[in-house]
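Just so it is clear, the values below take in all heavy atoms, side chains as well, and ignore hydrogens, waters and symmetry mates. Numbering starts at 1 and runs along the sequence shown.
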Amino acid sequence: MDNLSTPLKVLAVGNNPIELSGLLDKLSKAKEKNIAAETAFDLKTINERLVKFQPDYILIDDNIGKGELKLIMSYLLHDRKTKDIPITVLKNSNYQEFIDMGILSYVLKDSITIETLYNELKNTLRLRKTQKYIYEAYRKRKGQFIRLLKLRRDPAF
């Protein structure tokens, strides 16, 4: 991810323009990291950005509320164009959990620096690539895996 010839496209989603502009400011200051960022405030603008901007990564501010977050996650995870885009939630505290929604990682807002955010982007992109590889490997070798399980259940084994 270092020294990319094309920028890493990050879509920041939230309902607070001041916080999102601060996040975009941090991302824009990392010129050597080659990151392009845009914002979205609701499902309509998310959809517009997905079509025009085609992000590689999505950051969602948890200030949008749990209901809105669930709605956005459901939309993103069930659309074939966005289901593989890594998503990180920017959290105010450790007390709210959204683990069951398909979110890959969390970052506490009060500890965000460009370095922590950049490392989070790198690590989450690696995790998503690993997940896709494992899924594809399993899909291709599913028959072998099932035969192995049946063989192990065989009392003659």
Donor-acceptor pair, distance only, cut-off 3.5 Å: does the side chain of [X] make one with the backbone of [Y]?
X: Arg49; Y: Pro55; answer: no
X: Asn47; Y: Leu43; answer: no
X: Thr82; Y: Leu76; answer: yes
X: Lys9; Y: Phe53; answer: yes
X: Thr124; Y: Leu121; answer: no
X: Ser21; Y: Ile18; answer: yes

Would Ile46 end up clustered with Ile64 when hydrophobic side chains under 4.5 Å apart are linked, directly or stepwise?
->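 Ile46 clusters together with Ile64.
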
Given the rule that I, L, V, M, F, W and Y join up when any side-chain heavy atoms are under 4.5 Å apart, are Phe41 and Ile72 in one cluster?
->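 No, it is not one cluster - the side chains of Phe41 and Ile72 are not joined through contacts under 4.5 Å.
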
Go through the side-chain N and O atoms of Arg128 and Gln131 and say whether any donor and acceptor fall under 3.5 Å apart.
->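 Yes - a donor-acceptor pair under 3.5 Å links their side chains.
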
Does a donor on one side chain sit under 3.5 Å from an acceptor on the other, for Thr88 and Tyr57?
->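 Note: Thr88 and Tyr57 side chains meet the donor-acceptor criterion.
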
Residues in side chain to side chain contact (heavy atoms under 4.5 Å, CB included) with Leu90, at least two apart?
->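 Once residues adjacent in sequence are excluded, the partners of Leu90 under the side chain to side chain contact (heavy atoms under 4.5 Å, CB included) criterion are Leu23, Leu59, Val107, Lys109, Ile112.
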
Do [X] and [Y] come close enough that some side-chain heavy atom pair is under 4.5 Å?
X: Val10; Y: Asp56; answer: no
X: Asp61; Y: Glu19; answer: yes
X: Leu125; Y: Pro86; answer: yes
X: Thr39; Y: Val13; answer: no
X: Asn34; Y: Leu8; answer: no
X: Asn15; Y: Leu20; answer: no

Should we count OH of Tyr135 as having more than 12 external heavy atoms under 6.0 Å?
->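 No, OH of Tyr135 has 12 or fewer neighbouring heavy atoms, counting only those of other groups under 6.0 Å.
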
For the residue pair Met73 and Ile60, what are the closest heavy atoms and their distance?
->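 Taking Met73 first and Ile60 second, the nearest heavy atoms are SD-CD1, 4.0 Å.
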
